[in-house]
Asks: 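Please read through the structure below; I'll follow up with questions.
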Amino acid sequence: MYNKTRYFVTILNIIISNILIISVSAQEVSDTITEKRFEDLLKMSFDELKDIQVISAAKKEQKLSEASATITVITANDIEFSGATCIPDLLRSIAGLDVMAAWDNNIDVGGRGLNVFQNSKFLVLLDGQRLNNDYSGSVRWKEIPVLLEDIERIEVITSPLSALYGANSFSGMINIITKPVEKIRGLRLEGRIGEKQTQEYHLRYAGNAGKLRFMFNTGIAKTEGWGNRDSTKVEEEVLTYKGYSAKLKDWSELYKITLKMEYPFSKKTGLILSEGVNFGDIATPNLQSSQQKILNTHFSTKNWHQMIRYYYQFSENSEIKFHLSSVYWKDEGNVMPSVSKRYDSEVQYSGPLGTKNYLVAGIFGENAYSESPDITEIRKDNLYGFYLQDELKPVSKINITFGLRYDKHTALNGIFSPRISCIFTPTEKHIFRFGIGSSFRKPSFLENYYYFSMDSTIIVAGLLQKPNGISKPEKIVSYNFDYQAIFSKHFSSRINLFRNNVKDIIIFVEEVPYLYFDRGYVYENTRELSVTGGEVEIRCIIANYLHAYANTSYQKLKYETDTISEKLSVPEIKRNIGLQYKFKFGLFGSINMHYVGEKEAQLGNLYGDEYYFMKIDPYSTIDMNLAYRYQFKKGELQFAITGFNIFDTEHLEYPIWDGGKAYFGLYDDDAKNWSEEERNQYENRNALHDRKILIRLTFTLF
């Protein structure tokens, strides 16, 4: 790691030297790109905020109030005010989202009760490019090839959208939209250090050469995600790692390089190119044993994302887009090594049909392949299909959206995903949304093709590797109701109600015996469940310098079939409350309080027909950011202190198992449960989400 760091720093010094020379003659930017951007959102009333442009609900720009799905927008200001170090830091405040950290480098995000370890039921896009890893279907959030300072906004939808986006838009989606290069100019340097041995360094430069606008960003992030503060509490001898003992270590060292270029041929047409590279070393601590440490669970990872997009505008309301992208992932080491590649192409047209209809239509194709020792050979999947969406406005107060998408995958039969949504706006301050849609999740390469055998005793098999194997997608039918009211320029509220019916859930089960094997671990998709619930949120502009919000979520899971092996582990109740503040003398920041209710988990077989059970206690955390911003003629300087979990030094978010006992037992027989002493010892040496205090310094030269 030392050689990698030294090499990286050397390159960084060369880049900084050249950029400083270039920046002397850089074009000075107007106030609309600097101070106005920072001020505007805090000064806008809710009447103005509802007219912010979004894209995710219709694959075209539209006002937030006219979107056919409920969208929560995280703006660039929200990111800056929060002091967040990664995207999940921001998502914990969103009503209807479940954020669960198994360890620092493995964070899972799900919508409305559908969240599991390595969750693949939630679609994540970066400027329209899918980020879900095809091998596992999940998203490794810390490895997304974008730095937070480059994000214009994040659009969050907690209802399914396969009618537009196909597979994985199952419990919802997140679209990360980066800033147009024309809004970024000059040099930006940022450094952050703090507890958990955290170090982060970022460099960005943006400028232009004639018509060509470009932005280059690079960064390094190091941290030790876990590690108990008081290792003296551990009585047993444990293995050491890098000189540290009595701690479960979760080291990560990740490097990122991103490049974005925009070339407008004219006012109507242009080309956008983006590249993102992420590489480094991360760990996967073993959650199933308190004895096994992580000496051999570090592995190297790298991924490369490329995208090119051409657009042509026929008029102000109609355009055609051509999209090509590729993604490459590679994990090396003894923890599920794999290589995956994917190539995507899409053509989309959007434009009016007459005076009352607006059409969005597209065709797409995809080629993906993956190889791993766990799937025995290189596997390839192809995908093609089309989508159509029509927005009808029969009268001024009603918008109706009809959508349909057809997907044909190599391993699946053709799938139609319909959707209908209606927006009723009796007055400008009251908005009603009704929606129903069907979505699906395609099995990952691992779920389809997993294969491993140990002599003739044990077999591990994916859906297509079993005798008479059949591959079916997980399916969901979702019903949604949303009411939003703006009671004044400074107060708004929103109520969401939903019901999701899910079938053909893919789970990993143990069968003893299995065929002629003594034991089999196989994927099956035969379970059904329903999720019912809702969210309530209020927002208040107390003053131009102070915003407040509060929300609460409720979700109730009910299994319609027997539950075998893994069971979804989500809280019924989740609450958030927060403040954003900015004062004229340059002080700004935020305070966010999160409450996550109790939840139960189930995994594997124990004592014959019984299972591992665990009850995870409720917990509350507080995140705070205090920053000071000093502006000078051609730039600005920021200093910030950020604290995560500042009053909570030990809480669990993911169930952990140890040998033959459940961590928090649900058994009547105490012999099968952990004693309080065992529980305390385990906590002291394993999975805790501890306080983290960080200091950040940012220098920007326009």
Asks: Strictly by modelled atom types, are Arg494 and Thr72 linked by a side-chain donor-acceptor pair under 3.5 Å?
Replies: yes
Asks: Quiz question: by atom type and distance under 3.5 Å, do the side chains of Tyr549 and Ser93 form a donor-acceptor pair?
Replies: yes
Asks: Would you name the heavy atoms of Arg433 and Ser65 that are closest together and state the gap between them?
Replies: NH2-O, 3.4 Å
Asks: Can Arg188 and Glu149 be counted as an ion pair, charged N to O under 4.0 angstrom?
Replies: yes
Asks: Among Leu164, Leu125, Asn168, Thr158, exactly one meets side-chain contact (heavy atoms from CB on, under 4.5 Å) together with Met173. Which residue is that?
Replies: Leu125
Asks: State whether a side-chain donor-acceptor pair under 3.5 Å links Thr269 with Tyr310.
Replies: yes
Asks: Is the distance between the ring centroids of Phe445 and Tyr135 less than 6.0 Å?
Replies: no
Asks: Can you find a side-chain donor-acceptor pair between Ser478 and Arg112 that sits under 3.5 Å?
Replies: no
Asks: Considering all heavy atoms of both residues, which atom of Lys442 and which atom of His409 are nearest to each other, and what is their separation?
Replies: CD-ND1, 2.8 Å
Asks: Go through the side-chain N and O atoms of Asn399 and Tyr358 and say whether any donor and acceptor fall under 3.5 Å apart.
Replies: no
Asks: For the pair Phe481 and Phe434, name the ring-plane relationship: parallel under 30°, tilted 30 to 60°, perpendicular over 60°.
Replies: tilted
Asks: Tell me yes or no: between the side chains of Asp482 and Thr70, is some donor less than 3.5 Å from an acceptor?
Replies: yes
Asks: What I want to check is whether the side chains of Asp134 and Ser370 have a donor and an acceptor closer together than 3.5 Å.
Replies: no
Asks: We want to know whether Asn357 and Asp390 form a side-chain donor-acceptor pair, criterion being a heavy-atom distance below 3.5 angstrom.
Replies: yes
Asks: Between Gln348 and Tyr387, is there a side-chain donor-acceptor contact under 3.5 Å, judged purely by atom types and distance?
Replies: yes
Asks: Is NZ or CZ of Lys59 both nearer than 6.0 Å to the six-membered ring centre of Tyr165 and within 45° of the ring axis?
Replies: yes
Asks: Would you confirm whether the ring centroid of Phe265 sits within less than 6.0 angstrom of the ring centroid of Tyr263?
Replies: yes
Asks: What distance separates Gln313 CD from Lys268 NZ, expressed to the nearest 0.5 Å?
Replies: 8.5 Å
Asks: Once you round to the nearest 0.5 Å, how far does OG of Ser274 lie from CE of Met307?
Replies: 3.5 Å
Asks: Regarding Glu143 and Thr301, do their side chains bring together a donor and an acceptor under 3.5 Å, going by distance alone?
Replies: yes
Asks: Would Asp150 and Lys256 pass as an ion pair if we require N to O under 4.0 Å?
Replies: no
Asks: Rounded to the nearest 0.5 Å, how far does CG of Leu324 lie from CG of Asp344?
Replies: 9.0 Å
